Peer 1: 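Got a structure for you, written out below as structure tokens; questions coming shortly.
All values below were derived from every heavy atom in this structure, side-chain atoms included, with hydrogens, water molecules and symmetry-related copies excluded. This structure is a prediction, so every number in the text was calculated from the model and none was measured. Sequence lines set the chain letters: A, B, ... in the order given, protein chains first and strands last, and positions in each chain run from 1.
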Amino acid sequence: MSGDLSHSEDQVDCGSRYNDSHKHKDKYKDKEHKHKDHKKDKEREKSKHGNSEHRDPSDKKHRDKEKEKVKHKDGSTDKYKDKHKEKRKEEKMKSLDGKIKKEKENGFASPHVKSEPEDNFYPSPKHEKPLKRKRDDDNDAEFKPKKIKTENDKKAKKRKLDESFFGFLSFENIKPKKTKNKKGEVADGKKKAKKEPEEKWKWWEEERYTDGSKWRFLEHKGPVFAPPYEPLPSNVKFYYDGKHMKLSPEAEEVATFFAKMLDHEYTTKDIFRKNFFKDWKKEMTSEEKSKITDLKKCDFNEMSEYFKAQSEARKAMTKEEKLKIKEQNERTLQEYGFCIMDNHRERIANFRIEPPGLFRGRGDHPKMGMLKRRIRPQDIIVNCSKDSKHPEPPPGSRWKEVRHDNKVTWLVSWTENIQGSIKYIMLNPSSRIKGEKDWQKYETARRLKKCVDRIRNQYREDWKSKEMRIRQRAVALYFIDKLALRAGNEKEEGETADTVGCCSLRVEHIKLHPENEGQEYVVEFDFLGKDSIRYYNKVPVEKRVFKNLQLFMENKEPDDDLFDRLNTSVLNKHLQELMDGLTAKVFRTYNASFTLQQQLKELTNADENIPAKILSYNRANRAVAILCNHQRAPPKTFEKSMQNLQAKIDAKRDQLSDAKRELKSSKADAKVRRDEKSKKAVESKKKAVQRIEEQLMKLEVQATDREENKQIALGTSKLNYLDPRISVAWCKKWGIPVEKIYNKTQREKFAWAIDMADDDYEF
DNA sequence: AGTGCAACTTAGCACCGGCGCG
DNA sequence: CGCGCCGGTGCTAAGTTGCACT
């Protein structure tokens, strides 16, 4: 059922997005911040999205149908979500009252200090138990080992242990040095010998920790901080109410954040402006505060112009200047961009601290425009091993804490002030620690493959259960499986944009059509999911599911939870019982990978040439992206670039007919002359025609590919959902260079798969 | 059971640099 | 040899999950 893509089209066409996100990089002088005062009254903004139009009263029609004896039989549980419901309703009322949204404090100074004494070497109180595990840390106790064995065994043994120890001396991480794959040795036998010292570390051939620890040794240089604020030159002025006003450096910095965004639409949005203005005032001197009382009277234009000029100037820099900067960046990278973890030099993903700026959440975010404060050394927690050379805080400052917790993978963390969440500096996807986890993820998905039939039968049975909560669980699971929906945690209102996943679907997000376009029992989904990306889909479902949905919706308001007896924790607990390590997201991984494999089988045509095969690959990839609803805004230049391509195709066509004509005439010529020379001419013309035909085809394929990709993003699924061994195996099977499928970074991330998968790999 | 936190994965977009084209 | 385009990369927001605590 899940690999089925019958519903794909709708998704693609109808998908549309509501989010315009973006970022900012800036600086700002920090200040004291308020405490997170949660539980502030929150008011969710009336949903501005398309959803509202879907609150269709007709839903009520279904209410009286099929009253079930079952319903609420376990009266005990109405609670799960009631609380939220209440809130939402309350808020609705409030907003109806025309009240203005109450603001929340910006601050979040609250340290959440872990009072871990920095002295225990392997602290981490929480994970005491994993010690028993033989193989890997978390779940999947058995699988990992097994997998490893099955997958590796053969080759693993032979080249075990060759490197590792001083691997970090070799910079293995930088170059995706061709890893020899099984047969790979072929690749460059002799060269290999030379490059041997650069041989990449094959962590996947080594033992893993079995005690829950993530490393034994960890050394790094700490984070790179955002550059300090540089005040504007005095000729760049700020005007309030038409009059020049010199701002204090603190206030000025925050003003520049706004100035830099002037061109963006969201500086016109009420919430954004309100949040910004409020936080800005906190940075002002009392004098400034009393003068500047209306954002509308602020004129940031000179600042804005100044920054535009700056960026022009940057573009116009000479080669030498640019080179210098590049070199400096490279030095920074070499110094801060790597760490040493267990004898290997590994690349760090994000070693720069996020610069201050104005927060812009995605979608309709209640906190957009708030000030993201500058992070200082005293906000930073450093994690490294006790026996390593500890990173030095910048002169005159100190770290908030240095700890030595080898049960976690992060090197640096700090608490961010917008949501109060923790941010981390961690390793690159090419690192052992990320790679192992990634591998493990696919192994879990493969285990699901083995028992998915059983699970599906089970939830189909559960549709008939007498217990409401079981039915809900079963229907939700069906959606997660069939439609690859996300789990859908509940979220705190007023803290984030109003988005949902499976368990948090509300009545207003689906419509039931007993009959639609010739199909029976159609469910129409329309909601905003992660990142406020719209999910729109019409799916025919089984009658029993349909009836259940009618039941679930009975006597509910549009903004009531569809699955009121279910949440992600209940669901995952259940899944855990069905299979060790099973959680909702495993279904996404499983269905994505399974679909890729099956689509590749179906679409790849042995007779076609490489570009055509790659098109097939992309189509298979696309099927997955559609399943997972990975959309993107059509590139701004889409139309134009499509036209360009079309022009090229036309030109190529002309060229082809010219070439054909020439071929013809040279043939005629050869017939008359019958000499060697003219024969040769014919041959070369023939070749020319062939070459052009090939080029033309390539262009046409490219055009198709691009057109089909207009609103679909392939990257996310490729990077996060598709077992790379499937792709590698496909490449090997059809003699396609992996470079055509994976770029350099991707090859680094998937080095393990490239090395270990054979052409007969089966997901 | 419910809540909140910590850790880690997944996500789309802006921007930039290198490359192919005229 | 400059210019536009495109892919790759960096950035950081927004999810999921597990667990401790109450």
Side-chain angles (χ1 to χ4, degrees), chain A residues 17 19-25 36 38 76-77 79-81 83 110 112 114 124-129 138-139 214 264 311 314-315 322 326 349-355 357 359-363 365 367-368 372 383 405 407-410 413 415-416 418-424 426-429 433-434 437-438 441 486-492 495-497 499-504 529-533 567-573 575-576 581 583-586 588-589 628-633 635-638 640-641 644-645 648 706 713 715-717 719-721 743-746:
Chain A
R17 48 204 34 247
N19 69 320
D20 46 316
S21 90
H22 85 200
K23 22 228 73 169
H24 23 241
K25 24 175 102 208
K36 147 190 203 166
H38 345 249
S76 55
T77 39
K79 33 205 164 165
Y80 271 144
K81 315 196 162 173
K83 179 159 174 197
S110 69
H112 304 270
K114 256 298 194 338
S124 181
K126 347 186 156 182
H127 317 274
E128 237 42 286
K129 58 273 214 78
D138 3 25
N139 46 24
K214 306 291 166 75
H264 261 107
S311 88
R314 227 171 303 127
K315 273 183 219 152
K322 282 184 178 169
K326 205 174 161 188
N350 55 322
F351 55 91
R352 287 173 205 277
I353 300 274
E354 297 173 17
F359 176 81
R360 168 58 181 167
R362 305 192 182 153
H365 198 117
K367 300 194 168 187
M368 65 170 85
K372 213 170 92 156
N383 192 33
D405 181 356
K407 299 289 195 288
V408 297
T409 66
W410 52 268
S413 74
T415 301
E416 152 266 0
I418 304 287
Q419 327 263 2
S421 62
I422 307 174
K423 302 269 192 165
Y424 304 93
M426 292 182 183
L427 297 195
N428 198 69
I433 213 152
K434 293 292 184 187
K437 201 77 188 296
D438 205 38
K441 173 182 76 187
R486 296 187 184 83
N489 284 303
E490 46 249 89
K491 314 163 74 186
E492 225 186 313
E495 298 290 304
T496 62
T499 62
V500 299
C502 186
C503 294
S504 49
K530 181 175 177 179
D531 293 327
S532 293
I533 296 290
N567 63 31
T568 54
S569 135
V570 168
L571 178 66
N572 279 333
K573 222 166 272 166
L575 292 176
Q576 189 59 240
T583 63
K585 85 189 186 92
V586 178
R588 257 168 97 81
T589 312
C628 295
N629 200 40
H630 291 143
Q631 299 187 37
R632 62 166 183 176
K636 290 190 193 81
T637 54
F638 186 83
K640 198 163 64 160
S641 88
N644 288 162
L645 192 55
K648 266 194 207 167
R706 195 181 295 176
T716 303
S717 48
L719 233 48
N720 300 303
Y721 289 103
N743 68 30
K744 178 167 157 284
T745 353
Q746 293 164 341

Peer 1: Is a side-chain N or O of A:Asn567 found less than 3.5 angstrom from the main chain of A:Ser569, in a donor-acceptor match?
Peer 2: yes
Peer 1: Any base atoms under 4.0 Å from A:Ser413, or only sugar-phosphate, or nothing? Heavy atoms, all strands.
Peer 2: nothing
Peer 1: Pick base, sugar-phosphate or nothing for A:Lys640, based on heavy-atom distances below 4.0 Å to the nucleic acid.
Peer 2: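 The residue A:Lys640 makes sugar-phosphate contact but no base contact.
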Peer 1: Can you check the A:Asn489 CG to C:dT16 P distance for me, whole Å?
Peer 2: 5 Å
Peer 1: Quick check for you: among C:dG8, C:dA14, C:dT12, whose closest atom lies nearest to any side-chain atom of A:Phe359?
Peer 2: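 Taking heavy atoms from C-beta onward, the closest nucleotide is C:dA14.
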Peer 1: Checking contacts here: which listed nucleotide (B:dG2, B:dA11, C:dT17) is nearest the side-chain heavy atoms of A:Arg588?
Peer 2: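 From the listed options, B:dA11 comes nearest.
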Peer 1: For A:Lys434 and B:dT9, is the shortest distance between a side-chain N/O and OP1 or OP2 below 4.0 Å?
Peer 2: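 For B:dT9, OP1 or OP2 has a side-chain N or O of A:Lys434 closer than 4.0 Å.
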Peer 1: At under 4.0 Å, does any side-chain N or O of A:His365 touch on OP1 or OP2 of C:dA13?
Peer 2: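 So the side-chain polar atoms of A:His365 never come under 4.0 Å of the phosphate oxygens OP1 or OP2 of C:dA13.
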Peer 1: If you only use heavy atoms from C-beta on, which nucleotide in C:dT12, B:dA7, B:dC8 is closest to the side chain of A:Lys437?
Peer 2: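 Output: B:dC8.
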Peer 1: Return the 5'-most residue of the pair A:Ala487, A:Ile353 with respect to DNA chain C, ranking by each residue's nearest nucleotide.
Peer 2: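 Whichever sits nearer the 5' end wins; that is A:Ile353.
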Peer 1: Between A:Leu571 (CG) and C:dT16 (C1'), how many Å, whole number?
Peer 2: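 Taking atom C1' of C:dT16 as the reference, CG of A:Leu571 is at 12 Å.
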Peer 1: Can you find a donor-acceptor N/O pair under 3.5 angstrom joining the side chain of A:Lys530 to the base of B:dT10?
Peer 2: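 By the distance-only test, yes, there is a pair.
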Peer 1: For A:Lys322, does the NZ atom have more than 12 heavy-atom neighbours from other residues, nucleotides or ligands under 6.0 Å away?
Peer 2: yes
Peer 1: For a quick test of reading the model: is some side-chain N or O of A:Thr583 closer than 4.0 Å to OP1 or OP2 of C:dT16?
Peer 2: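 No, because none of the side-chain N or O atoms of A:Thr583 sits under 4.0 Å from OP1 or OP2 of C:dT16.
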Peer 1: Return no unless some side-chain N or O of A:Thr716 is found under 4.0 Å from OP1 or OP2 of B:dG12.
Peer 2: yes
Peer 1: Counting side-chain heavy atoms from CB outward, which of C:dA14, C:dC6, B:dG12 is closest to A:Arg706?
Peer 2: C:dC6
Peer 1: Side-chain N or O of A:Lys423 versus OP1/OP2 of C:dT12: is the shortest distance under 4.0 Å?
Peer 2: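 So the side chain of A:Lys423 is outside the cut-off, no N or O lying under 4.0 Å from OP1 or OP2 of C:dT12.
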Peer 1: Taking only side-chain N and O atoms of A:Ser641, does any of them lie within less than 4.0 angstrom of OP1 or OP2 on C:dC6?
Peer 2: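 Answer is yes, contact under 4.0 Å.
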Peer 1: Is A:Lys530 reaching over with its side chain to a backbone N or O of A:Thr499, donor-acceptor style, under 3.5 angstrom?
Peer 2: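 No, because the side chain of A:Lys530 does not come within donor-acceptor range (under 3.5 Å) of the backbone of A:Thr499.
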Peer 1: A:Gln631 side chain N/O closer than 4.0 Å to the phosphate oxygens (OP1, OP2) of B:dG12?
Peer 2: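 It does not, given that no N or O in the side chain of A:Gln631 lies less than 4.0 Å from OP1 or OP2 of B:dG12.
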Peer 1: If you look at every strand shown and take non-hydrogen atoms under 4.0 Å, does A:Gly529 touch a base, only sugar-phosphate, or nothing?
Peer 2: sugar-phosphate
Peer 1: Quick one: is B:dA11 close enough that its OP1 or OP2 comes under 4.0 Å of any side-chain N or O from A:Arg486?
Peer 2: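 For B:dA11, OP1/OP2 do have a side-chain N/O of A:Arg486 under 4.0 Å.
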Peer 1: State which of B:dT9, B:dA11, C:dT12 makes the closest approach to the side chain of A:Asp531.
Peer 2: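 In terms of side-chain proximity for A:Asp531, the closest of B:dT9, B:dA11, C:dT12 is B:dA11.
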Peer 1: Considering only side-chain heavy atoms of A:Arg632, which listed nucleotide, B:dA7, B:dG12, B:dC13, is closest?
Peer 2: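 Looking only at heavy atoms from C-beta outward on A:Arg632, the closest nucleotide is B:dC13.
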Peer 1: Just call it for A:Gly488: base, sugar-phosphate, or nothing, with non-hydrogen atoms closer than 4.0 Å on any strand.
Peer 2: sugar-phosphate
Peer 1: Please check the phosphate of C:dT17 (OP1 and OP2 only) for any side-chain N or O of A:Thr568 closer than 4.0 Å.
Peer 2: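 Indeed not, no polar side-chain atom of A:Thr568 lies that close.
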Peer 1: Whole-Å distance between B:dA1 P and A:Lys573 NZ?
Peer 2: 6 Å
Peer 1: Measure the acute angle between the ring planes of A:Tyr424 and A:Trp410, then classify it against the limits of 30° and 60° as parallel, tilted or perpendicular.
Peer 2: tilted
Peer 1: Hey, does A:Thr716 have a side-chain heavy atom less than 4.5 Å from the side chain of A:Cys628?
Peer 2: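 They are not in contact (no side-chain heavy atoms under 4.5 Å apart), so the answer is no.
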Peer 1: Give A:Thr499 one of three labels, base, sugar-phosphate or nothing, depending on what nucleic acid heavy atoms sit under 4.0 Å from its own.
Peer 2: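 Sugar-phosphate contact only - A:Thr499 comes under 4.0 Å of backbone atoms but never of a base.
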Peer 1: Starting the side chain at C-beta, find the nucleotide from B:dC8, C:dC5, B:dG12 nearest to A:Arg362.
Peer 2: B:dG12
Peer 1: Could you tell me the separation between the CZ atom of A:Arg360 and the P atom of B:dA14, rounded to a whole number of Å?
Peer 2: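 In whole Å, B:dA14 P and A:Arg360 CZ are 11 Å from each other.
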Peer 1: With the side chain of A:Lys441 defined as its heavy atoms from C-beta on, choose the nearest nucleotide among C:dT17, C:dA14, B:dT10.
Peer 2: B:dT10
